[in-house]
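First up is the structure itself, then whatever we jot down about it.
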Amino acid sequence: MTDAPLTWYHTTAPSIPDRSAMSGTLRTKVCVVGGGLTGVSTALHLAERGIDCVLLESERIGHGASGRNGGQIVQGYSADMSKVENTVGAEDARVLWSMMREAVDDIPERVKRHKIDCDLRWGYLHAAYSKRQMDGLRGTVETYTKYGYDGCEIIGKADLGKVLGSDAYVGGMLDPDSGQIHPLAYLRGLAGAAEFLGAQIFERSPAVEITRGTTVSVRTVTGTVEADWLVLAGNAYLGKVFPSIRPRLMPVASFVAVTEPLDRDLLRALFPQDVAVADCNLALDYFRTTSDGRLLFGAGASYSAITPPGLANWMTRRMTKVFPELEGVGIDHVWGGLIGITANRLPDFGRVADNILHAQGFSGQGMALTGLAGKVMAETIDGNDSRFKLIEQIRHLPFPGGPFRTPALVAAMGFAKLRDAMGF
């Protein structure tokens with residue numbers, strides 16, 4: 001076990017006391033393994049339903065991707081809706097679309113209900129480097145309109161400066177219903193609400209052994225939890241404790257840098273509408289401002305899960321490609337972490353046994369979809385599994401290549417990056 005990384009989020013989120021490690025033997029209705037957004041959301045929804053729950057986190061709440069991601073709330077799935085339709089059919093695709101919209105809408109509702117101070121702001125730009133990417137964004141607008149959402153706007157090169165002060169792009173798509181948040185502050189607020197309603201949360205309590213059965217036994221280093229239900233919510237950080245679901249998930253490293261405080265006039269010039277931004281490359285860059293006047297910049301994922309040497313310099317080169325004005329600006333914080341992707345880029349919900357549920361592989365869309373995962377798993381445990389079954393029907397193949405799957409994915413992603421760089 002290690003201490004949480006020193007990210008900008010950890011230095012600015014409201015402080016919380018350490019929670020104790022689990023010890024002895026506990027009997028509960030549900031045991032949740034994983035203290036990120038999926039696990040905490042599950043615990044909160046269970047507590048709201050009056051269902052006893054124990055959550056085990058191997059480090060501290062928010063140690064993984066949920067506490068150190070880019071803080072971008074993006075509606076939609078990482079796979080486009082045509083793939084969703086081809087996978088589940090047109091009727092169920094519309095249900096999945098409405099569930100995704102619900103997942104986004106739940107965030108401000110929870111922030112308001114639990115009075116969470118997490119710098120929630122709305123407005124999002126998908127920025128295009130090429131005509132091919134602009135054509136893709138126009139297709140996205142058409143698809144969203146087909147599903148009943150007409151809020152997005154295509155922005156051409158001539159008007160892009162009204163939204164973003166960068167010459168790197170040829171245009172973009174502005175979405176008012178996507179946005180940005182302080183993810184660690186949000187997660188800590190949800191965890192506090194879950195505890196207030198009766199959930200028990202233990203930190204520095206990794207699950208080291210799980211025994212299946214009518215009663216599931218989860219052993220930690222210092223104790224054991226016995227439960228009627230088990231929820232696996234560790235995503236890319238679940239480790240080897242439950243190997244049967246690992247082949248369907250690829251842990252991918254992503255990196256974030258936060259600058260020193262910037263001149264306010266410069267920030268207004270770079271972000272006239274204060275929107276969050278991501279480009280349209282497969283291994284994308286994403287960025288936004290912070291509440292204390294900095295630029296938070298996330299770089300394209302490393303599909304080898306290896307941290308580049310000289311990470312701060314590498315991030316600075318990526319950042320100044322978009323904003324040359326920031327040449328010489330200092331980096332105060334830089335960090336990396338793992339996200340979980342699936343082969344089809346759709347979330348992987350399933351059952352290892354009748355009383356063991358899992359949700360993983362949000363593929364970069366986790367700020368909203370993790371909340372949905374917690375909600376539908378709580379519904380399932382409370383006796384209504386109709387929505388879980390809908391997502392569960394999505395078939396997830398293991399990543400090809402066995403022990404060679406990481407080199408194979410790196411090679412495939414290298415070709416995709418080359419295609420993005422060449423604009424076709």
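Relative to the ring axis of Phe202, Arg19 does not place its NZ or CZ within 45° and under 6.0 Å from the centre.
In this structure a side-chain-to-backbone donor-acceptor pair under 3.5 Å is present from Thr342 to Arg345. For the pair Thr28 (side chain) and Cys31 (backbone), a donor-acceptor distance under 3.5 Å is absent. Formation of a donor-acceptor pair under 3.5 Å by the Ser166 side chain with backbone atoms of Val322 is found in this model. Under a 3.5 Å cut-off, the side chain of Asn384 and the backbone N or O of Glu379 do not form any donor-acceptor pair. A donor-acceptor contact shorter than 3.5 Å links the side chain of Ser205 to the backbone of Glu203. Within the 3.5 Å criterion, the main-chain N or O of Thr211 finds no donor-acceptor partner in the side chain of Ser217. With hydrogens and angles ignored, the 3.5 Å screen pairs a side-chain donor or acceptor of Asn235 with a backbone N or O of Gly361. The backbone N or O of Pro347 sits less than 3.5 Å from a side-chain atom of His396, completing a donor-acceptor pair. Judged by distance alone, the side chain of Arg288 and the main-chain N or O of Gly179 form no donor-acceptor pair under 3.5 Å. Between the side chain of Gln180 and the backbone N or O of Asp274 there is at least one donor-acceptor pair closer than 3.5 Å.
The local environment of CZ in Arg27 is crowded, with over 12 non-hydrogen atoms from other residues, nucleotides or ligands closer than 6.0 Å. Within a 6.0 Å sphere centred on CG of Asp167, heavy atoms belonging to other residues, nucleotides or ligands number 12 at most. Enclosure of atom NZ in Lys321 is not indicated, since only 12 or fewer non-hydrogen atoms of other residues, nucleotides or ligands lie within 6.0 angstrom. Around the CG atom of Asp117, the shell of radius 6.0 Å holds no more than 12 heavy atoms that belong to other residues, nucleotides or ligands.
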Given Ser41 and Arg110, is the side chain to side chain donor-acceptor pair (under 3.5 Å) satisfied, shown in steps?
-> CA-CA 10 Å; Ser41 175; Arg110 292 219 171 272; 5.6 Å; no

Assess whether side chain to side chain contact (heavy atoms under 4.5 Å, CB included) is satisfied between Thr143 and Ser82, documenting all intermediate values.
-> CA-CA 8 Å; Thr143 299; Ser82 63; over 6 Å; no

What's the verdict on side chain to side chain contact (heavy atoms under 4.5 Å, CB included) for Leu96 and Tyr77, showing C-alpha distance, side-chain angles and the deciding distance?
-> CA-CA 10 Å; Leu96 286 172; Tyr77 297 94; 3.7 Å; yes

Worked check of side chain to side chain contact (heavy atoms under 4.5 Å, CB included) between Ser244 and Val352 = CA-CA 8 Å; Ser244 64; Val352 179; 4.1 Å; yes

Derivation of the side chain to side chain contact (heavy atoms under 4.5 Å, CB included) call for Leu266 and Leu326 | CA-CA 9 Å; Leu266 174 60; Leu326 300 184; 3.8 Å; yes

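In this structure the side chain of Met100 never reaches within 4.5 angstrom of the side chain of Leu372, judged on heavy atoms. The shortest side-chain heavy-atom distance between Leu357 and Ile381 falls under the 4.5 Å cut-off. Contact of the Trp8 side chain with the Leu184 side chain is not registered, since no non-hydrogen atoms from C-beta on lie closer than 4.5 Å. The shortest distance between side-chain heavy atoms of Arg94 and Lys146 falls below 4.5 Å. Leu37 is listed as a side-chain neighbour of Tyr186, based on a closest heavy-atom distance under 4.5 Å. By the 4.5 Å heavy-atom criterion applied to side chains, Val277 and Phe271 are counted as neighbours. Under the 4.5 Å side-chain criterion, counting only non-hydrogen atoms from C-beta, Tyr144 is not in contact with Asp150. For the pair Ile391/Arg387, no side-chain contact is recorded, criterion being any heavy-atom separation below 4.5 Å from C-beta on.
Residues Arg138 and Asp135 are paired through a salt bridge, judged by an N-O separation under 4.0 Å between the basic side chain and the carboxylate. Ion pairing between a basic and an acidic side chain is recognised when a charged N comes within 4.0 Å of a carboxylate O; Arg68 and Glu59 show no such pairing.
Under 3.5 Å, the side chains of Asn69 and Tyr286 contain no donor-acceptor pair of N or O atoms. Under 3.5 Å, the side chains of His182 and Ser291 contain no donor-acceptor pair of N or O atoms. Side chain to side chain, Arg351 and Thr380 fail the donor-acceptor criterion of an N or O pair below 3.5 Å. Between the side chains of Gln200 and Asp52, not a single donor N or O lies within less than 3.5 Å of an accepting N or O.
Ring geometry for Phe287 against Phe297 counts as parallel: the plane angle stays under 30°, on a 0 to 90° scale with 60° as the upper cut. Note: Trp335 and His333 have perpendicular aromatic rings, judged against thresholds of 30 and 60 degrees for the angle between ring planes.
Applying the ring-ring contact (aromatic ring centres under 6.0 Å, His included) test to pairs two or more places apart or on separate chains, none has a residue in residues 32-58. Residue pairs satisfying the side-chain hydrogen bond (donor to acceptor under 3.5 Å, both in side chains) criterion with at least one member in residues 356-372, sequence neighbours excluded, are listed as follows: Arg248-His358, Asp348-His358, Asp348-Gln360.
Contact between Val170 and Met134 at its shortest, heavy atoms only, is CG2-CG, 3.7 Å. In terms of heavy atoms, Ala236 sits closest to Gly340 at CB-N, 3.9 Å. In this structure, Tyr147 and Ala93 approach most closely via the heavy-atom pair OH-CB, 3.7 Å. Annotation for Tyr129 and Asp279: closest pair CE1-OD2, 3.5 Å, computed over non-hydrogen atoms. When all heavy atoms of Ala191 and Ile61 are compared, the pair lying nearest together is CB-CG2, 4.3 Å. Nearest approach of Leu238 to Val241, heavy atoms of both residues: O-CG1, 3.5 Å.
Atom NE2 in His126 sits 7.5 Å away from atom CG in Leu137 (nearest 0.5 Å). Atom CH2 of Trp122 sits about 4.5 Å away from atom CD1 of Ile73, to the nearest 0.5 Å. Residue Leu164 holds its CG atom at 13.0 Å from CG of Asp159, rounded to the nearest 0.5 Å. Here the CD-CE distance, from Glu57 to Met22, works out to 15.0 Å after rounding to the nearest 0.5 Å. We find the CD-SG distance between Glu195 and Cys53 to be 10.5 Å, quoted to the nearest 0.5 Å. In this structure, OG1 on Thr38 lies 6.0 Å from CE on Met377, to the nearest 0.5 angstrom.
Of the residues listed (Asn355, Val32, Val33, Val30), the one engaging Leu230 in a side-chain contact (heavy atoms from CB on, under 4.5 Å) is Val33, and it is the only one.
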